[in-house]
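Beneath this line is the structure, given in structure tokens, with notes to follow.
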Amino acid sequence: MAKRFSPAVLLCAALIAAQHCRAQDSPPENSRPTVTSESPTDGTAADSTTAVPPEPTLPEVAPPDPALVQAPAPPRAPSEWRILGSQWKELAPDLLHDQKNIYLFPVSAIRGHHLKPTLGLLGATALLMTVDAHDARWVRNSLQPLSGFNNTFSGYNTATATEAFASAFYAVAILRRNAYDQKTFMLAGEAVIDAEILTTIMKDADGRMAPISYPADGNFTDSWFKVHRGGWLGGLGSMPSGHEIAIMAVATTFAMRYPHPAWHRWLAYGLAAAAGLWRVTLQSHFTSDTFAGGALGYVIARYVVLGRDATH
């Protein structure tokens, strides 16, 4: 027992001795400075503590006058000529892209893409071919009643009206600095160029005779692969109608770019249909020629040219 408690006794003795020494080192309580609490009514600080000097205050800085602060200059808008130059600069690459899509479309259709509408258009064209001879005879025997319509929609009148409208539309768009209208003109022109390139190749390939080329007693049935004059890229065949494919391409571009009010579309497609009918009554094309031209013009403008734009 004595051996067990000896370390504890020694530890207690050491703690007591340390406490006694600490008490001797500390000054007596009566010699400690007393701190008098400040009365709430005293106006001055009466204590024996060391006064803390006040922190220096920084001078207040007045905010800048908003009238004197110059806002950053807005970015300078591109000039009208630069906008026009960029639009024309994009034309050639867009045409190459369009032609690639047009001539690769049969491969896409064979693989099953857009197969149903393609078969529908081919079927409708083939059905109209079966009545081409009948329609051509009827037009040949009804030239006198149709003379007024043919004179109104003559080649000179339609070409002049189309060129005048396009030129005026583009000039007004430039004067008004309307980039949307300028883009519409460029898209319509692009669609016409795409359509005419395809038409020239197809006409050279099929070499179809126009109804006006037949004699008075012609049967209008043997019309394919008859036109060979002019060489390649002459575009002298009848299938499809070059006028109709171009007019429908322009009409589709304007109808899709300006859908409101609704009469815009009716007017555009109505004029395109009237132009196709005029080509038949002039005996320049068979009915199937104008139908194929209108269908191709619509598809090229709607899905090839305008299809690149996400807004269409």
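- Here the closest heavy-atom approach between residue P215 and residue R140 is recorded as O-NH1, 3.1 Å.
- In the hydrophobic cluster analysis, where Ile, Leu, Val, Met, Phe, Trp and Tyr join through side-chain heavy atoms closer than 4.5 angstrom, L306 is grouped apart from I247.
- None of S288, S223, S238 except one satisfies the side chain to side chain donor-acceptor pair (under 3.5 Å) rule with D132; the exception is S288.
- Here the CD1-CG distance, from I110 to L115, works out to 9.5 Å after rounding to the nearest 0.5 Å.
- Taking all atoms of both residues into account, the shortest heavy-atom contact from T252 to Y269 is OG1-CE2, 3.7 Å.
- Here the two rings, on Y180 and F185, have centers that are 6.0 Å apart or farther.
- Between A210 and S284 the shortest heavy-atom distance is CB-O, 3.4 Å.
- Under a hydrophobic-cluster definition in which Ile, Leu, Val, Met, Phe, Trp and Tyr are linked whenever side-chain heavy atoms come within less than 4.5 Å, directly or via other members, I102 and L91 are assigned to the same cluster.
- Taking CG from L198 and CG from D98, the interatomic distance works out to 11.5 Å, rounded to the nearest 0.5 Å.
- Within a 6.0 Å radius of CH2 in W224, other residues, nucleotides and ligands contribute more than 12 heavy atoms.
- The distance from atom CH2 of W88 to atom CE of M186, rounded to the nearest 0.5 Å, is 4.5 Å.
- Placement of L121 and M129 in two distinct hydrophobic clusters is found when ILVMFWY residues are connected by side-chain heavy-atom separations under 4.5 Å, directly or transitively.
- Residues M209 and M239 do not share a hydrophobic cluster, clusters being chains of Ile/Leu/Val/Met/Phe/Trp/Tyr side chains in contact below 4.5 Å.
- Looking at V172, I174, L187 one by one, the single match for side chain to side chain contact (heavy atoms under 4.5 Å, CB included) with Q182 turns out to be I174.
- Remark: the backbone N or O of G293 is not paired with any side-chain donor or acceptor of E244 at under 3.5 angstrom.
- F105 and Y298 are members of different hydrophobic clusters when ILVMFWY side chains are connected at heavy-atom separations under 4.5 Å.
- Between the side chain of T290 and the backbone N or O of T287 there is at least one donor-acceptor pair closer than 3.5 Å.
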Worked verdict on K203 versus E196 for salt bridge (charged side-chain N to carboxylate O under 4.0 Å, His left out)
CA-CA 10 Å; K203 286 185 173 186; E196 291 300 333; over 6 Å; no
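- Here the NE2 atom belonging to H134 is positioned 12.0 Å from the CZ atom belonging to F220, to the nearest 0.5 angstrom.
- Between L127 atom CG and T130 atom OG1 the span is 4.5 Å, to the nearest 0.5 Å.
- Considering every non-hydrogen atom in both D94 and E190, the closest pair reads CB-OE2, 3.5 Å.
- Interatomic distance, OG1 of T253 versus CE of M256, reported as 9.5 Å (0.5 Å rounding).
- The aromatic rings of Y258 and H264 lie perpendicular to each other, with more than 60° between the two planes, well past the 30° mark.
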I would like to know whether F286 and F291 meet ring-ring contact (aromatic ring centres under 6.0 Å, His included); could you show each step before the answer?
CA-CA 9 Å; F286 291 99; F291 175 81; over 10 Å; no
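- Residues I300 and A195 share a closest heavy-atom pair of CD1-CA, 3.8 Å.
- The heavy-atom pair separating P240 from T199 by the smallest distance is O-CG2, 3.8 Å.
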